[in-house]
Protein chains: 2
Amino acid sequence: MAKPTRDAEATKASIIQNAMMLFAKNGYEATTAEEIAKECNVNKAMIFYYYKNKAGLYSAVMSHALDAIHEEVIESEKCCVSPLADLEAFIKTYAKYCDEHPYLPALILRELSDSGAHLPEMMFESLRKLFTLLSSILKEGESQGIFHNVIPMIIHFMIVGTINLLVTTKPLRANAVALNADLDTCSDCDIDEISDYIFTKIKLMLEVKNEKNPTCA
Amino acid sequence: MAKPTRDAEATKASIIQNAMMLFAKNGYEATTAEEIAKECNVNKAMIFYYYKNKAGLYSAVMSHALDAIHEEVIESEKCCVSPLADLEAFIKTYAKYCDEHPYLPALILRELSDSGAHLPEMMFESLRKLFTLLSSILKEGESQGIFHNVIPMIIHFMIVGTINLLVTTKPLRANAVALNADLDTCSDCDIDEISDYIFTKIKLMLEVKNEKNPTCA
DNA sequence: TCCTATTAACTAACTGGTTAATTATAACTG
DNA sequence: CAGTTATAATTAACCAGTTAGTTAATAGGA
């Protein structure tokens with residue numbers, strides 16, 4: 001069937017998608033309603049028709065993105081074999097999703113750097129769910145005696161922050177190498193190497209017991 | 001001596017300081033020239049007189065901030081006792097500086113999440129210097145056989161990213177606890193605990209040799 | 001006097017948001 | 001099923017407020 005001349009769902013979805021891309025690329029303030037409308041060949045008024053105002057659109061975009069990643073991570077992790085396997089699933093799924101949807105980490109980073117200035121309640125919820133998920137994995141690992149000396153909030157930012165930064169700075173790092181060849185910005189590292197490395201290192205960090213002088217039995 | 005009625009240096013410095021604060025708090029686009037001018041009791045035209053345009057001011061602000069932190073880290077680290085001590089100095093100095101100047105991490109995060117979209121050359125240089133510093137510490141440690149399996153770029157983002165996020169989200173995390181008491185967002189952690197924890201964990205992560213099965217001797 | 005610092009007033013461009021009119025479509029009706 | 005109607009989707013034109021940047025005039029100090 002040919003696509004209908006008017007299709008509310010398609011229009012709404014198109015607005016969300018293009019807005020997400022533009023918000024991520026240029027930030028909230030620098031992105032104009034007209035720009036978004038032009039990008040998806042839709043009249044500007046449609047944005048206000050469907051999302052009331054710019055803040056409403058932003059809120060919709062963020063919830064959409066965060067819920068999507070949360071679902072993905074939940075999905076991959078429902079196995080519950082062991083805290084270690086869950087941790088690995090968390091890291092790798094999060095990394096892979098970010099790599100495939102690079103606007104997401106940019107949006108999250110920007111929002112966090114505002115300290116949630118215009119962070120809608122709904123979005124805050126979604127962010128919190130992700131943290132709660134990792135937190136429970138870490139605490140389970142600690143109670144099983146696998147992980148030691150865990151501060152979930154710090155570990156969470158260590159994982160999520162590192163991945164977000166590596167994904168968002170990908171073009172920047174490639175550019176840096178072009179300007180200065182003897183600078184190793186890991187610009188060739190693909191996302192699998194990166195998430196593998198992060199998992200390996202976080203694992204080490206959590207598994208070793210005595211922080212000052214690691215001794216073996 | 002009484003402060004002169006006209007003092008170019010003081011005016012310039014005042015503009016930089018207040019602009020830094022406002023850019024960090026509200027972002028580049030959301031900060032207006034008039035707002036900055038009002039904040040430092042200076043005529044708006046002075047901003048354009050001294051910094052040509054908004055982008056010029058932003059560039060000046062960023063260089064100023066980044067050079068300051070770089071100098072601070074260099075200063076504390078000139079001891080060169082050992083890679084481990086240098087690493088500790090790097091982490092703790094960076095963390096302390098961020099805590100004392102919380103606009104800096106917000107600015108850096110925002111800029112990185114743009115992937116340096118309007119990142120001026122000058123500022124890029126300053127960011128690079130910081131990375132080069134840590135990189136040389138890590139490589140020295142590796143060549144001395146203290147650190148193992150180091151990818152400087154990832155470790156750099158792990159350290160700097162974690163600290164930046166923890167500093168910028170401080171108010172957000174406090175707020176989260178107020179809304180949901182059984183959520184541990186590390187809102188009471190002070191910067192010394194945090195940097196100590198990060199150093200301890202990064203140390204573990206780098207010192208243990210075999211990633212798969214850590215063995216001793 | 002001459003140069004630098006400073007100001008108030010101005011403008012041209014842009015932005016979020018509105019509105020009244022228009023079109024497509026589905027539902028109803030006889 | 002043709003024709004009517006109600007309503008949801010879409011548009012173009014517009015508005016009021018804001019913003020970066022300019023300019024011409026002025027005041028202070030060496």
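The sequence lines fix the lettering, A, B, ..., with proteins before strands; numbering per chain opens at 1.
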Next item on the list: Would you mind listing every salt bridge (charged side-chain N to carboxylate O under 4.0 Å, His left out) that reaches into residues 12-22 of chain B, with sequence neighbours excluded?
Entry: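 For residues 12-22 of chain B, and leaving out neighbouring residues, the salt bridge (charged side-chain N to carboxylate O under 4.0 Å, His left out) pairs sorted by first residue read B:E9-B:K12.
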
Item checked: Reading 5' to 3' through nucleotides 4-11 of chain D, protein heavy-atom contacts under 4.0 Å coded B for base, S for sugar-phosphate only, - for none -> ----BBBB

Note to self: Side chains of B:D192 and B:Y197 only: does a donor on one sit below 3.5 Å from an acceptor on the other?
What the structure shows: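 The criterion, which ignores hydrogens and geometry beyond distance, is not satisfied for B:Y197 and B:D192.
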
Taking [atom1] from [X] and [atom2] from [N], how many angstroms apart are they, rounded to a whole number?
| X | N | atom1 | atom2 | answer |
| --- | --- | --- | --- | --- |
| B:L57 | D:dG21 | CG | C1' | 13 Å |
| A:I47 | C:dT15 | CD1 | P | 12 Å |
| A:E34 | C:dT15 | CD | C1' | 8 Å |
| B:I36 | D:dA20 | CD1 | C1' | 11 Å |
| B:K38 | C:dA8 | NZ | P | 12 Å |

Next item on the list: Please confirm whether B:Y28 and B:Y58 have ring centers closer than 6.0 angstrom.
Entry: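 Yes: the rings meet the under 6.0 Å criterion.
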
Item checked: Heavy-atom pair of closest approach, residues B:L183 and B:A176 ->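 Closest approach of B:L183 to B:A176, heavy atoms only: CD2-CB, 4.3 Å.
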
Margin query: With heavy-atom distances below 4.5 Å as the criterion, would you say the side chains of B:D182 and B:N180 are in contact?
Written below: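 In short, these two side chains touch, coming nearer than 4.5 Å.
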
Notebook entry, point to check: Do A:S76 side-chain atoms and A:V73 backbone N/O form a donor-acceptor pair below 3.5 Å?
Noted result: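 Side chain of A:S76 to backbone of A:V73, a donor-acceptor pair under 3.5 Å: yes, one is there.
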
Note to self: Using heavy-atom distances to pick each residue's nearest nucleotide on DNA chain C, tell me which of A:T32 and A:K52 is more 5'.
What the structure shows: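 Of the two residues, A:T32 wins.
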
